[in-house]
Amino acid sequence: MNRTEVAALLAYAVRLDPRLTPESQADAAERLDQWYELLADVPPTAPHPDGRDWNAAHVVKHHISSSPYRIQPSDVSRPWHTFKADTLGRHTDPIPPVDPNNAKAYRAALLGTRQAVATGQAAPSVIRELTGGSTRDARDEFAAARLAAIGSTYVPRDIADKFEPWRRAKAQRERLAAAGKPDPLNIPCPWEACRAAAGKPCQQGTKNRRDRPDPHPARVDAATAQHYAQQGAA
């Protein structure tokens, strides 16, 4: 909350509990300073995936109506930090709609989402299959951004399967994206004799080069390491 929002919350508390009325203007300013120092990182409202949204005014009202003790700013900040820990614990990082090869942008997108959740500016992203929400396959939403990065539009699995014999390589990449697993074709092949570009299949042969059915092991290892390094760094 900014200083104006904290002042409004404090005025609300005084209205509900006249015992909090300051004796002088100096006392009022000192109390506002105290409340602002403890509540600057507490939002007035914030969403919750279960609908139990945060509202600082409700916390003030509950304390005054249920406790014989005069409310302190910590009586608001403590419940907020409990609420924040709960929402972050429920948050599942969606796949950022950025090029997965750009580690800096990828980390920044993840951190931006987490910061928005932590400050109450956004609701946590929750896998609905595990929380009893929509019956729609939650992977559809999370896979869409990563599929876009490999130049693909999401289609239902049963329809995609019918075309798989004619698009095996891309179908495999889509399966990896939907499952959130490392995709070797996200990076260039590091093997000296191949050096296939990102998005291109590995090559075999020296003179008559042709596509390999599977990526080289070195490429698989490098893609796996990068995938989990990006997750760990975030």
*asked:* Just verifying a value: how many Å separate L16 CG and S65 OG, rounded to the nearest 0.5 Å?
replied: 8.5 Å

_Distance (rounded to the nearest 0.5 Å) between L39 CG and L10 CG_ = 9.5 Å

*Heavy-atom donor-acceptor pair, R52 side chain to F83 backbone, under 3.5 Å*: no

*Can you tell me how far the SG atom of C194 sits from the CZ atom of R209, to the nearest 0.5 Å?*
6.0 Å

*Would Y12 and I64 count as a side chain to side chain contact (heavy atoms under 4.5 Å, CB included) if you check the C-alpha gap in whole Å, the side-chain angles of each, and the deciding distance to 0.1 Å?*
CA-CA 11 Å; Y12 177 65; I64 292 175; over 6 Å; no

*side chain to side chain contact (heavy atoms under 4.5 Å, CB included) with P184: which of V220, T224, D221?*
V220

*Can you check whether P18's main-chain N or O pairs, donor with acceptor, with T21's side chain at less than 3.5 Å?*
yes

*Are the side chain of E37 and the backbone N or O of Q34 linked by a donor-acceptor pair below 3.5 Å?*
no

_Could you report the tightest heavy-atom contact between N186 and A198, atom names first, then the distance?_
O-CB, 3.7 Å

*Atom pair CZ (R78) and CD (Q72), whose distance is rounded to the nearest 0.5 Å*: 9.5 Å

*State whether the side chain of D17 and the backbone N or O of V14 hold a donor-acceptor pair below 3.5 Å, judged by distance alone.*
no

_Has R3 got a side-chain atom pairing as donor or acceptor with Y36's backbone, closer than 3.5 angstrom?_
no

*Where the side chain of S74 meets the backbone of S77, is there a donor-acceptor pair that is under 3.5 Å apart?*
no

_Shortest non-hydrogen contact between V76 and A56, atoms and distance_ = CG1-CB, 4.3 Å

*Go through the steps to decide whether Q226 and D183 satisfy the test side chain to side chain contact (heavy atoms under 4.5 Å, CB included), and finish with yes or no.*
CA-CA 10 Å; Q226 182 190 75; D183 180 359; over 6 Å; no

*When rounded to the nearest 0.5 angstrom, what distance separates CZ in R31 from CD in E23?*
9.0 Å

*Mind listing the closest non-hydrogen atom pair of A196 and R219 along with its distance?*
CB-NH1, 3.8 Å

_Residues that D211 engages under side chain to side chain contact (heavy atoms under 4.5 Å, CB included), provided they are two or more places apart_ = P201, Q203

*Please identify each residue that fulfils side chain to side chain contact (heavy atoms under 4.5 Å, CB included) with D53, with sequence neighbours left out.*
P47, H48

*Could you walk me through whether W54 and V59 pass the side chain to side chain contact (heavy atoms under 4.5 Å, CB included) check?*
CA-CA 8 Å; W54 166 263; V59 174; 3.5 Å; yes

_Applying ring pair (Phe, Tyr, Trp, His ring centres under 6.0 Å) as the test, list every pair that has at least one member in residues 171-225; sequence neighbours left out._
W191-H216

_Would you say that more than 12 heavy atoms from the other residues, nucleotides or ligands in this model lie under 6.0 Å from the NE2 of H62, or not?_
no

_Value rounded to 0.5 Å, distance of CZ in R15 from CG in L20_ = 13.0 Å

